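Contents: one structure, followed by commentary.
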Amino acid sequence: MIRAVVFDVGECLVDETREYGTWADWLGVPRHTFAAMFGAVIARGRDYRETFQEFRPGFDLYAEREKRAAAGKPEHFGEEDLYSDVRTALAQLRADGLWLGIAGNQTVRAGGILRELFTGDVDLIGTSDDWGASKPDPEFFVRVAEVVPFASEEILYVGDRLDNDIRPAVAAGMATALIRRGPWGTIQQHDPEADSITTMRIDSLSELSEKVAKFNAER
């Protein structure tokens, strides 16, 4: 049975449209041009960070994050960037008696923002910077399994990416939910594995309560 639900961050809980727009501004390129290149890069199966290299060869994302912060323009997201289904879904899953967590590839700064937004709503918030391991590294999911007080097969990991979220979570023995939204969720939605290896597919987090209840009832 599913006893715990752990969520990815970007495009699962947080709509990153505004944030990627600010990166386009930082690079000095039109936002629609940056978005088009971003989509082209990930559609080819390349690392999304290569998008920055297309506009500025040698671009160091970590260093540029520090420069943005020093310039008073740090990466940021807030309540207004959360998808509209997030709060109600978390409240319903909590009412259903499920243990809830948030775990994604995020910086220390982003981890602080997540704790400001969600500390009262979930049982755990962990980031790649906290753990020294980034998805899709199997070690990331080892860390998830260590902090969740249930067996791996009782954990449902919810994410928008087959490559970073679903495949490594399945390899770690977890159940998975693939959400169809954001660039990866849209581009990867017709991949055969989107159906064959996932426990469930959803278009909204609001579907989780019913789908988890059905999954558990069948067992």
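Just so it is clear, the values below take in all heavy atoms, side chains as well, and ignore hydrogens, waters and symmetry mates. Computed from a predicted model, the values in this text were never measured in an experiment.
- I202 places a side-chain heavy atom less than 4.5 Å from the side chain of L208.
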*asked:* Please determine whether side chain to side chain contact (heavy atoms under 4.5 Å, CB included) holds for the pair F7 and L90, giving the CA-CA distance in whole Å, both sets of side-chain angles, and the decisive distance to 0.1 Å.
replied: CA-CA 10 Å; F7 297 88; L90 291 178; 3.6 Å; yes
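- Residues D25 and R31 are paired through a salt bridge, judged by an N-O separation under 4.0 Å between the basic side chain and the carboxylate.
- Applying the salt bridge (charged side-chain N to carboxylate O under 4.0 Å, His left out) rule to D130 yields the partners R115; only residues at least two apart in sequence or on another chain are considered.
- Hydrophobic cluster membership is shared by F141 and I155, with clusters built from Ile, Leu, Val, Met, Phe, Trp and Tyr side chains linked at under 4.5 angstrom.
- Judged by distance alone, the side chain of Q189 and the main-chain N or O of T186 form a donor-acceptor pair under 3.5 Å.
- A heavy-atom distance below 4.5 Å is found between the side chains of M37 and V41.
- For the pair D96/V212, no side-chain contact is recorded, criterion being any heavy-atom separation below 4.5 Å from C-beta on.
- Under the 4.5 Å side-chain heavy-atom criterion for ILVMFWY residues, no single connected hydrophobic cluster contains both V108 and W131.
- D160 places no side-chain N or O within donor-acceptor distance of the main-chain N or O of C12, the cut-off being under 3.5 Å.
- Ion pairing between a basic and an acidic side chain is recognised when a charged N comes within 4.0 Å of a carboxylate O; R65 and E75 show such pairing.
- A donor-acceptor pair under 3.5 Å is absent between the side-chain atoms of R56 and the main chain of F52, judged by distance alone.
- Between L205 and Y83, every side-chain heavy-atom pair lies at or beyond the 4.5 Å cut-off.
- Side chain of D81 to backbone of G78: a donor-acceptor contact under 3.5 angstrom is found.
- The pair D123-R94 meets the salt-bridge criterion, since a charged nitrogen lies less than 4.0 angstrom from a carboxylate oxygen.
- Residues S204 and D85 approach most closely at OG-OD2, 2.9 Å, considering heavy atoms.
- Scanning both residues, D191 and E193, for their nearest heavy atoms gives OD1-N, 2.8 Å.
- In this structure, the side chain of E153 does not engage the main chain of A175 through any donor-acceptor pair within 3.5 Å.
- For R49, the CZ atom sits in a loose shell: 12 or fewer heavy atoms of surrounding residues, nucleotides or ligands are nearer than 6.0 Å.
- Electrostatic pairing of R44 and E50 does not count as a salt bridge here, judged by no charged N lying under 4.0 Å from a carboxylate O.
- Under the 3.5 Å distance criterion, the side-chain polar atoms of S196 are matched with a main-chain donor or acceptor of P192.
- In terms of hydrophobic clustering, with Ile, Leu, Val, Met, Phe, Trp and Tyr side chains grouped at heavy-atom distances under 4.5 Å, Y48 and F55 are assigned to a common cluster.
- By the 4.5 Å heavy-atom criterion applied to side chains, V6 and L124 are not counted as neighbours.
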*Evaluate salt bridge (charged side-chain N to carboxylate O under 4.0 Å, His left out) for D15 paired with R181, printing each intermediate quantity in order.*
CA-CA 9 Å; D15 181 341; R181 64 185 177 201; over 6 Å; no
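- Looking only at side-chain heavy atoms (C-beta outward), R46 and E54 come within less than 4.5 Å of each other.
- Nearest approach of S152 to A172, heavy atoms of both residues: CB-O, 3.5 Å.
- Side chains of E79 and V86 form no contact here, defined as non-hydrogen atoms less than 4.5 Å apart.
- Atom CG of D165 is separated from atom CG of D8 by 4.5 Å, given to the nearest 0.5 angstrom.
- Under a 4.0 Å N-O distance rule, the pair E207/R180 does not qualify as a salt bridge.
- Checked for salt-bridge contact, R161 and E11 miss the test: no charged N lies under 4.0 Å from a carboxylate O.
- Rounding to the nearest 0.5 Å places CD1 of I2 at 4.5 Å from CZ of F215.
- Here the closest non-hydrogen pair linking T176 and I197 is OG1-O, 3.9 Å.
- Looking at Y20, its side chain never comes within 3.5 Å of a backbone N or O of F34 through a donor-acceptor pair.
- If you take CG on L178 and CD on Q188, they are separated by 7.5 Å, rounding to the nearest 0.5 Å.
- Here the two rings, on W184 and F38, have centers that are under 6.0 Å apart.
- Salt bridge annotation for E139-R143: present, with a cationic side-chain nitrogen under 4.0 angstrom from a carboxylate oxygen.
- Taking both residues in full, the closest heavy atoms of V148 and A4 are given as CG1-CB, 3.6 Å, listed atom of the first, atom of the second, then distance.
- Nearest heavy-atom pair across A89 and S206 is CB-N, 4.2 Å.
- In this structure, K135 and Y157 have side chains that are in contact, with non-hydrogen atoms separated by less than 4.5 Å.
- One distance of note links CZ of R68 with NE2 of H76; it measures 11.0 Å at 0.5 Å rounding.
- The same ILVMFWY cluster, assembled from side-chain heavy atoms under 4.5 Å apart, contains both M174 and V147.
- Within the 3.5 Å criterion, the main-chain N or O of D129 finds no donor-acceptor partner in the side chain of Q106.
- Grouping the Ile, Leu, Val, Met, Phe, Trp and Tyr side chains by contacts below 4.5 angstrom, directly or via other members, places W99 apart from V9.
- Partners of K67 according to the salt bridge (charged side-chain N to carboxylate O under 4.0 Å, His left out) rule, which considers only residues two or more places apart in sequence or in another chain, are E64.
- Between the side chain of E154 and the backbone N or O of A151, at least one donor-acceptor pair lies under 3.5 Å.
- To the nearest 0.5 Å, the span separating CG on L114 from CD1 on I102 amounts to 6.0 Å.
- Rounding to the nearest 0.5 Å gives a distance of 10.5 Å between CE of M1 and CZ of F150.
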